[in-house]
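First the structure, in the form of structure tokens, and then the observations on it.
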Amino acid sequence: MSLFDTHCHLDLMVDKGVNLEAALQAAKHAGVERILVPAVDESNWDRIAQYAELYSMVEWAIGIHPMFVTEQSLEQINHMRLRLESNLSCIAIGECGLDFYHGREHQALQTTVLIEQLKLAQQYNLPVLLHVRKAHQELLKVLKQYPLPRGAIVHGFTGSYEQGMEYIKLGLHLGIGGSITYPRANKTRMAFARFPLESLVFETDAPDMPLSGHQGEANQPKFAKDVLSSFILLRNESEQTISKIAAKTTKEMFNY
């Protein structure tokens with residue numbers, strides 16, 4: 001078994017008191033061979049890039065999270081462009097997207113910052129890690145206007161089957177996270193039971209999105225194995241088939 005945790009905030013996990021090296025060892029023991037750490041804004045780019053430099057199993061993405069968007073974000077976009085021009089070691093743009101969970105006061109600015117990041121993904125031929133809350137239709141509209149040559153992952157997807165298929169029809173992938181471990185998440189569980197396997201990848205979103213039975217704990221990449229185990233129960237395919245196809249999907253997307 002070879003798992004790729006495609007969305008794991010190692011830096012925030014460490015801030016919650018988790019020992020990084022112990023967590024990486026535990027992840028390896030659980031079959032996690034690669035971890036992708038998304039950015040939130042310029043404040044953590046250097047830190048997560050250093051993790052990728054220090055640990056061979058760690059990769060990183062550069063981006064600006066919609067909940068961190070400010071008037072300075074457009075200046076940060078210019079800094080992103082300069083870093084990308086210097087043959088940056090990151091393997092994706094993100095996480096970026098739209099988040100209207102707390103309202104739409106910053107909808108226009110969030111949309112502008114997202115579009116500028118999608119343009120960078122187009123220019124530098126990189127996949128994208130997408131964040132979306134209460135904004136599926138708005139995000140889909142933007143994505144149709146700015147098609148991504150290397151695709152994207154809609155991370156931590158918890159929408160309906162119909163919403164998920166709209167992303168899949170655009171050639172995008174959906175991130176399976178800890179939400180499917182909760183029996184009450186019936187809509188999400190039944191949607192993932194039906195999605196095409198080739199359009200799915202695994203993630204933890206550590207230290208957030210704790211799995212069922214681990215509420216109150218800091219989530220860790222080792223729990224990607226438990227996400228896989230819960231997913232297997234929803235499908236007709238074997239663990240070997242699911243793992244093999246997920247590995248093929250991430251290798252093609254991230255070119256490793």
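For the numbers below, each heavy atom of this structure counts, side chains included, while hydrogens, waters and symmetry mates do not.
- Heavy-atom minimum distance, D11 versus R47: O-NH2, 3.3 Å.
- At distances below 3.5 Å, not a single donor-acceptor pair connects side-chain atoms of T6 with backbone N or O atoms of V201.
- For the pair Q163/V154, no side-chain contact is recorded, criterion being any heavy-atom separation below 4.5 Å from C-beta on.
- Residues T70 and Q72 have side chains that bring a donor and an acceptor to within less than 3.5 angstrom of each other.
- Rounding to the nearest 0.5 angstrom, the gap separating the CG atom in L130 from the CG atom in L174 is 10.5 Å.
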Hey, mind stepping through Q76 and H79 against side-chain hydrogen bond (donor to acceptor under 3.5 Å, both in side chains) and telling me if it holds? CA-CA 5 Å; Q76 290 188 27; H79 298 167; over 6 Å; no
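- Between H155 and D205, the closest side-chain pair of non-hydrogen atoms falls below 4.5 Å.
- For the pair E85/Y124, a side-chain contact is recorded, criterion being any heavy-atom separation below 4.5 Å from C-beta on.
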Hey, can you pull the donor-acceptor pairs under 3.5 Å for the side chains in residues 144-153, sequence neighbours left out?
{"unit_1": "R150", "atom_1": "NE", "unit_2": "M253", "atom_2": "O", "d": "3.3"}
{"unit_1": "R150", "atom_1": "NH1", "unit_2": "N125", "atom_2": "O", "d": "2.7"}
{"unit_1": "R150", "atom_1": "NH2", "unit_2": "M253", "atom_2": "O", "d": "2.5"}

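- The number of heavy atoms from other shown groups lying within 6.0 Å of CD (Q240) does not exceed 12.
- Counting heavy atoms from C-beta on, the side chains of F192 and F231 come closer than 4.5 Å.
- Remark: the D41 side chain and the H65 side chain contain no N/O donor-acceptor pair separated by less than 3.5 Å.
- Between the side chains of R81 and N78, a donor-acceptor pair is found at a separation under 3.5 Å.
- Enclosure of atom CD in E53 is not indicated, since only 12 or fewer non-hydrogen atoms of other residues, nucleotides or ligands lie within 6.0 angstrom.
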In sequence, state the C-alpha distance, the side-chain angles, and the governing distance for F157 and H136, and then conclude on side chain to side chain contact (heavy atoms under 4.5 Å, CB included). CA-CA 10 Å; F157 183 77; H136 284 295; 3.8 Å; yes
Validation: residues 16-25 side-chain donor-acceptor distances under 3.5 Å, sequence neighbours left out:
{"unit_1": "N19", "atom_1": "OD1", "unit_2": "E21", "atom_2": "N", "d": "3.2"}
{"unit_1": "N19", "atom_1": "OD1", "unit_2": "A22", "atom_2": "N", "d": "2.8"}
{"unit_1": "E21", "atom_1": "OE2", "unit_2": "Y55", "atom_2": "OH", "d": "3.2"}

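- One N or O on the side chain of T111 and one on the backbone of Q107 form a donor-acceptor pair closer than 3.5 Å.
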Take R83 and D46 through the salt bridge (charged side-chain N to carboxylate O under 4.0 Å, His left out) test and state the conclusion after the steps. CA-CA 11 Å; R83 290 189 180 220; D46 289 336; 2.9 Å; yes
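- Residues L120 and V113 share a single hydrophobic cluster, defined by chaining ILVMFWY side chains whose heavy atoms lie under 4.5 Å apart.
- Side-chain contact between H7 and T204: absent, with no pair of heavy atoms (C-beta onward) separated by less than 4.5 Å.
- When all heavy atoms are compared, the tightest approach of S179 to A185 is O-CB, 3.4 Å.
- In terms of heavy atoms, V128 sits closest to C96 at CG1-SG, 3.6 Å.
- Annotation: the span from D5 atom CG to E33 atom CD amounts to 13.0 Å, rounded to 0.5 Å.
- Between K119 and E116 there is a salt bridge, since at least one side-chain N of the basic residue sits less than 4.0 Å from a carboxylate O of the acidic one.
- The minimum heavy-atom distance between F223 and A218, with the atom names listed, is CE1-O, 4.5 Å.
- Between the side chain of N219 and the main chain of D208, a donor-acceptor pair closer than 3.5 Å is present.
- In terms of hydrophobic clustering, with Ile, Leu, Val, Met, Phe, Trp and Tyr side chains grouped at heavy-atom distances under 4.5 Å, F68 and I77 are assigned to different clusters.
- In this structure, the separation between CG on L109 and CG on L114 is 11.0 Å, given to the nearest 0.5 Å.
- A distance of 12.0 Å separates CG in L36 from CE in M57, rounded to the nearest 0.5 Å.
- Taking the six-membered ring for Trp and the full ring otherwise, the centers of F195 and Y161 sit less than 6.0 Å from each other.
- Rounding to the nearest 0.5 Å places CD of Q123 at 13.0 Å from CG of L118.
- To the nearest 0.5 Å, atoms CG (L84) and OG (S86) are separated by 7.5 Å.
- Contacts of E252 classified as salt bridge (Lys or Arg N to Asp or Glu O under 4.0 Å), with partners at least two apart in sequence or in another chain: K248.
- No hydrogens or angles considered: nothing links the side chains of H173 and Y167 as a donor-acceptor pair under 3.5 Å.
- If you chain together hydrophobic residues whose side chains sit under 4.5 Å apart, V132 and L200 fall into the same group.
- A distance-only check finds no donor-acceptor pair linking the side chain of E59 to the backbone of A52 [under 3.5 Å].
- Judged by distance alone, the side chains of T250 and Y256 do bring a donor and an acceptor atom under 3.5 Å apart.
- You'll find the side chain of R104 stays beyond 4.5 Å of the side chain of K134, heavy atoms only.
- What you find for P38 and N44 is that their closest heavy atoms are O-ND2, 4.0 Å.
- Considering only heavy atoms from C-beta on, P221 comes within 4.5 Å of M13 through its side chain.
- The backbone N or O of G63 sits less than 3.5 Å from a side-chain atom of W45, completing a donor-acceptor pair.
- Side chain of E138 to backbone of L98: no donor-acceptor contact under 3.5 angstrom is found.
- One hydrophobic cluster, built from ILVMFWY side chains closer than 4.5 Å, cannot hold both F202 and F4; they sit in different ones.
- Judged purely by distance below 3.5 Å, without hydrogens or angles, the side chains of H9 and E95 pair a donor atom with an acceptor atom.
- Listed for the T188 side chain is a donor-acceptor partner under 3.5 Å among the backbone atoms of T158.
- Counting heavy atoms from C-beta on, the side chains of H102 and R133 come closer than 4.5 Å.
- Linking ILVMFWY side-chain heavy atoms closer than 4.5 Å, directly or via other members, places L197 and L228 in a single hydrophobic cluster.
- At distances below 3.5 Å, at least one donor-acceptor pair connects side-chain atoms of E203 with backbone N or O atoms of G156.
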